[in-house]
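This report concerns only the one structure given below.
No experiment lies behind these values; they were computed from the predicted model shown.
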Amino acid sequence: MKKWVIALSTAASLLALSACNGGDSEVIVETKAGDITKEEFYNAMKERFGKDIIRDLVHEKILSKEFKVTDKEIEKEIENLKKMYGPQYEIAVQQNGEKAIRDMVKLDLLRQKAAMKDIKVTEEEMKKYYDEYKPKVKASHILVDDEKTANEIKAKLDKGEDFAKLAKEYSKDPGSAENGGDLGWFGSGEMVKEFEDAAYALKVGEISKPVKSEYGYHIIKVTDKEEKKSFEEMKEEIEFELKKSKLDPTKVQSEVEKLVEKANVKVNDEQLKDVFESEEKK
């Protein structure tokens, strides 16, 4: 992820520089030791990131002609990145900007769609997926080591004490305790079975009895639940997820390369002209 984010954020700077009016000798940084011109800045970035940037920009241009990526699809993948990388995701956003992340996700989805175009899924497969699909749940929890402590906390909650306050005081889960036990949204298969079964059985606002798992004893409070959409409303999303599950990762690059070759790409910059030749040899 880091490599792509750097390349994409640098791409914006390169394009801005190349599009600017005025000579390349325009000074953009002044120091007592000497000035830095627009040309020097452009050439330095091109040398360090040029081939990655050109490759990504060409892929995005070609793939966008044949495939479409929606904002909803991008948002879903961003949520997955947040779960996968945690605090590192926020650091990447701070360093490179949210647009660079979104561009990276869009390009990745375009590449996936190119590789998935010949993958077939049946109506039966989609209906089976829908029947087994569970909408996301938003919950908080208090995690402790022993059942005795868990029962004491539950008794306090039954008397009306504040869940978030007790989570900060008692929960041994550092990732959620400071946020009042908030775990955010999660779907089927993302939590241990005992926790998931208990959370899905609760109504919004309801608090569970102590639930034992390999991590200790949880007291769970469901704070929100998604409504399950109709099959027709989810059909497009289901088809994409099923195709993605059948996707051979090695096919992504080969399918993109075929489309690049078909597009008859010609790189005029001498320093970058072999970018797609080297890609074919990988």
Side-chain angles (χ1 to χ4, degrees), residues 1-5 7-9 11-12 15 51-85 98-136 187-190 228-267 272-282:
M1 184 173 91
K2 182 179 178 183
K3 177 183 176 184
W4 278 15
V5 169
L8 285 163
S9 58
L15 289 172
K51 290 186 178 181
D52 287 333
I53 293 168
I54 287 295
R55 185 180 297 112
D56 288 351
L57 289 174
V58 169
H59 286 180
E60 197 276 335
K61 181 76 71 176
I62 293 169
L63 297 175
S64 291
K65 286 284 186 181
E66 295 198 34
F67 308 99
K68 300 299 178 187
V69 172
T70 65
D71 288 340
K72 184 179 178 181
E73 290 171 329
I74 292 173
E75 291 298 335
K76 185 175 181 180
E77 290 303 310
I78 285 177
E79 286 303 312
N80 291 336
L81 284 177
K82 288 178 180 178
K83 290 175 184 175
M84 187 181 302
Y85 292 99
E98 188 175 348
K99 185 180 184 302
I101 305 291
R102 293 184 68 87
D103 288 344
M104 178 197 74
V105 168
K106 180 182 178 182
L107 180 56
D108 192 40
L109 286 168
L110 284 169
R111 286 168 170 154
Q112 287 181 32
K113 289 190 175 189
M116 291 190 296
K117 62 183 173 63
D118 295 324
I119 296 176
K120 306 295 183 185
V121 295
T122 65
E123 191 82 1
E124 289 73 24
E125 286 177 303
M126 288 192 283
K127 286 182 177 177
K128 183 175 184 294
Y129 182 101
Y130 178 79
D131 290 340
E132 295 174 354
Y133 173 79
K134 294 180 181 179
K136 288 185 177 181
S188 179
E190 294 181 38
K228 188 170 182 177
K229 298 177 184 176
S230 70
F231 175 70
E232 288 302 319
E233 288 176 305
M234 290 187 64
K235 195 170 183 179
E236 189 175 327
E237 178 185 341
I238 291 170
E239 183 178 11
F240 177 78
E241 291 299 326
L242 285 171
K243 285 185 175 183
K244 188 176 178 181
S245 70
K246 295 182 179 184
L247 178 63
D248 179 357
T250 60
K251 192 178 178 182
V252 176
Q253 184 172 332
S254 64
E255 288 299 318
V256 172
E257 286 175 3
K258 287 177 186 177
L259 290 169
V260 170
E261 185 177 355
K262 183 180 176 182
N264 193 28
V265 177
K266 181 182 178 182
V267 181
L272 303 173
K273 67 179 182 179
D274 65 339
V275 60
F276 293 105
E277 292 175 17
S278 61
E279 186 176 73
E280 290 170 4
K281 294 174 183 177
K282 287 180 183 178

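Atom CE of M126 and atom CD of E237 lie 12.5 Å apart (nearest 0.5 Å). Within the model, atoms CG of D108 and NE2 of H59 stand 12.5 Å from one another, a figure rounded to the nearest 0.5 Å. With rounding to the nearest 0.5 Å, the separation of CG in D71 from CZ in R102 is 5.5 Å.
Looking at L109 and F67, their side chains never come closer than 4.5 Å, going by heavy atoms from C-beta outward. Within the 4.5 Å cutoff, the side chain of F240 has heavy atoms near those of the K244 side chain. At a threshold of 4.5 Å between non-hydrogen side-chain atoms, the residues M104 and E77 do not count as touching. Between Q112 and L247, some side-chain heavy-atom pair lies under the 4.5 Å cut-off.
Of all the heavy atoms in V260 and V265, the pair that sits closest is O-CG2, 3.7 Å. Scanning all heavy atoms of the two residues, the minimum distance from V69 to K106 falls at CG2-O, 4.0 Å. The shortest heavy-atom contact between A115 and V252 is CB-CA, 3.6 Å. K51 and V275 get closest at one heavy-atom pair: O-CG2, 3.5 Å. Between V256 and L63, the shortest heavy-atom contact is CG2-CD1, 4.4 Å. Annotation for R55 and F276: closest pair CA-CZ, 4.0 Å, computed over non-hydrogen atoms.
Contacts classified as salt bridge (charged side-chain N to carboxylate O under 4.0 Å, His left out) and involving residues 246-255 (residues at least two apart or in different chains) are given here: K117-E255, E125-K246, E255-K258.
Not counting sequence neighbours, the partners of F231 by the ring-ring contact (aromatic ring centres under 6.0 Å, His included) test are Y130. The side chain to side chain contact (heavy atoms under 4.5 Å, CB included) search around E132 returns K128, not counting sequence neighbours. Considering only residues two or more places apart in sequence or on other chains, K120 meets the side chain to side chain contact (heavy atoms under 4.5 Å, CB included) condition with none of them. For S64, the side chain to side chain donor-acceptor pair (under 3.5 Å) criterion is met by E60, not counting sequence neighbours. For the salt bridge (charged side-chain N to carboxylate O under 4.0 Å, His left out) test, residues two or more places apart in sequence or in another chain that qualify with E241 are K76.
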Checklist entry - Should E239 and K235 be marked as a salt bridge (Lys or Arg N to Asp or Glu O under 4.0 Å) after you check the CA-CA gap, both sets of side-chain angles, and the distance that decides it? => result CA-CA 6 Å; E239 183 178 11; K235 195 170 183 179; over 6 Å; no
Item to check | Trace of the side-chain contact (heavy atoms from CB on, under 4.5 Å) decision for I74 with T70 | outcome: CA-CA 6 Å; I74 292 173; T70 65; over 6 Å; no
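The closest side-chain donor-acceptor pair between S254 and E257, if any, does not fall under 3.5 angstrom.
Salt bridge absent: D56 and K61 never bring a charged side-chain N and a carboxylate O closer than 4.0 Å. A salt bridge between D131 and K127 is absent, with no side-chain N of the basic residue lying under 4.0 Å from a carboxylate O of the acidic one.
In this structure, E98 places its CD atom where only 12 or fewer heavy-atom neighbours from other residues, nucleotides or ligands lie under 6.0 Å away. Sparse packing is recorded around CD of E236, with 12 or fewer heavy atoms of other residues, nucleotides or ligands lying under 6.0 Å away.
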